[in-house]
Number of protein chains: 2
Amino acid sequence: MSLRVLLADDEHLIRGALAALLALEDDLVVVAEAATGPEALAMALAHRPDVAVLDLQMPGADGVSVATSLRDELPGCRVMIVTSHGRPGHLKRALAMGVRAFVPKTVSAQRLAELIRSVHAGNRYVDPELAADAISAGDSPLTEREAEVLELAADGAPVAEIAERASLSQGTVRNYLSSAAIKIGAENRHAAVRLARERGWV
Amino acid sequence: MSLRVLLADDEHLIRGALAALLALEDDLVVVAEAATGPEALAMALAHRPDVAVLDLQMPGADGVSVATSLRDELPGCRVMIVTSHGRPGHLKRALAMGVRAFVPKTVSAQRLAELIRSVHAGNRYVDPELAADAISAGDSPLTEREAEVLELAADGAPVAEIAERASLSQGTVRNYLSSAAIKIGAENRHAAVRLARERGWV
DNA sequence: CTGCCCTTATGACAAATGTCAGAAGCGGAC
DNA sequence: GTCCGCTTCTGACATTTGTCATAAGGGCAG
């Protein structure tokens, strides 16, 4: 009985190539492919794979969202996230959502196949480098509201707009932004946004 | 006589998979692989491929830089850029550097093989969608200095720091940032940076 | 040669932002 | 029950930005 795999990646080139390589392993069979988040979900429900290999960035819904839905709707399916740019925040979020493995695309296909088997056997795996990043980034020092307001500041909106969107007074928004920037150690809110992003705090 | 190809991509998974798929085409042979910009350059000089397939984002030097060097040092080699996230600016820069094709990773391996042959035969190719983006984004309305200063503002640095790094007076920096923001139609420099990025102007 | 645009700069003013002190309500911890 | 931290607000102030007018020098096109 072979191991049924779902592949989801928006890059046709990579998905196809990957499918071809995994097909060389005779205990693995790719039963479905998807190019978008929603499609991945639908495919998973239709084909009930043993392991879902999801790209982190896909149109529609990212890998972590799909993992969340999958956990509820198809609990027997083990989920792996494969990514090119792994931010600590994504890792943390993914792990919280029950994702079993988080691997960078720099691994070889051989290794990926091993990891798929390992995950299917019930093991977990996180790329050591990504794990180190996540640990060194530490926990967010921001309160819930500080993080929320900082996020609204991300696209360079002026305080007035942030205040409106957050239903807060402008003074309050300025206080939050100020304290967030101080906690992060940034010169101003824009640098704070950038640093918080890098550390996976937003 | 088969067509010699160089593959450069920092993602081992993809590079390996791609190499395997291209090997299935009996008129193509992958003579070298590279994971970084400088490595790609060295490999190209050592193996003198007919076509170089470069990823846009690689550690060390991006695909366009490599293409620039290759044009000088190995003029007979046709260069193709393959990318996941194609920004209009990259396309323009790449074309100016003599790149023969600019394709998104959403194409199939089959199609990529066709394009490699086509490029080798002397044709050019640009993904229609990317081309449309580039055209609709239009030309940058920014002067050289405006763009330069805007770039220095990208990480949220205060005016004083930008002024120092650009060796300009603070007043001049504020003038440039102001006019750049006005030309772009942004509320402030931070939003301007974001929009300019999206449109490939920085 | 005369415009015109780019570069660089000043000074001045208005507006936005950052910082601080203080205060009130609310919920959880001890 | 009291204390502490989070949320929310106001008001005041200093600092930073954004905007505008104005100007001088350089380069290029007509």
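A note on names: the letters A, B, ... follow the listed sequences, proteins ahead of strands, and every chain is numbered from 1.
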Can you list, pair by pair, the side-chain donor-acceptor contacts under 3.5 Å of residues 9-19 of chain A, counting residues two or more places apart and other chains?
unit_1 : atom_1 : unit_2 : atom_2 : d
A:D9   : OD1    : A:E11  : N      : 2.9
A:D9   : OD2    : A:K105 : NZ     : 3.2
A:E11  : OE2    : B:S84  : OG     : 3.1
A:R15  : NE     : A:E33  : OE1    : 3.1
A:R15  : NH1    : A:D9   : O      : 2.8

For [X], side-chain hydrogen bond (donor to acceptor under 3.5 Å, both in side chains) partners two or more places apart:
{"X": "B:T83", "result": "none"}
{"X": "B:S118", "result": "B:N123"}
{"X": "B:E114", "result": "B:R111"}

### Query
Can you check whether A:S169 has a side-chain N or O nearer than 4.0 Å to OP1 or OP2 of D:dC9?
yes
### Query
Can you tell me if the side-chain N/O atoms of B:T143 get under 4.0 Å from OP1 or OP2 in C:dC5?
no
### Task
Taking the side chain as every heavy atom from C-beta outward, state whether B:V79 and B:R71 have any atom pair closer than 4.5 Å.
no
### Summary
Rounded to 10°, the helix from C:dC1-D:dG30 to C:dC30-D:dG1 deviates from straight, judged by its five-pair end axes, by 30°
### Message
Going by the rule side chain to side chain contact (heavy atoms under 4.5 Å, CB included), which residues pair with B:E25 if we only count those two or more places apart in sequence or in a different chain?
### Response
B:D27, B:L28, B:Q110, B:A113, B:R117
### Task
Keeping to residues at least two apart or across chains, list the side chain to side chain donor-acceptor pair (under 3.5 Å) pairs with something in residues 154-171 of chain A.
A:S169-A:T172
### Query
What side chain to side chain donor-acceptor pair (under 3.5 Å) pairs are there with at least one residue in residues 39-54 of chain B, not counting sequence neighbours?
none
### Task
Can you tell me the distance, in whole Å, between the CZ atom of B:R189 and the P atom of D:dT17?
5 Å
### Task
Using whole Å, report how far NE2 of A:H190 lies from P of C:dA16.
13 Å
### Query
So which of residues 170-186 of chain B are in contact with DNA chain D, with a heavy-atom cut-off of under 4.0 Å?
B:R174, B:N175, B:S178
### Query
Looking at residues 144-168 of chain A, who's got a heavy atom less than 4.0 Å off DNA chain D?
A:E144, A:R145, A:L168
### Task
Can you tell me which residue pairs pass the ring-ring contact (aromatic ring centres under 6.0 Å, His included) test with a partner in residues 166-200 of chain B, sequence neighbours excluded?
A:H190-B:H190
### Query
How would you list all residue pairs meeting salt bridge (charged side-chain N to carboxylate O under 4.0 Å, His left out) that involve residues 173-196 of chain A, not counting sequence neighbours?
A:E146-A:K183, A:R194-A:E198
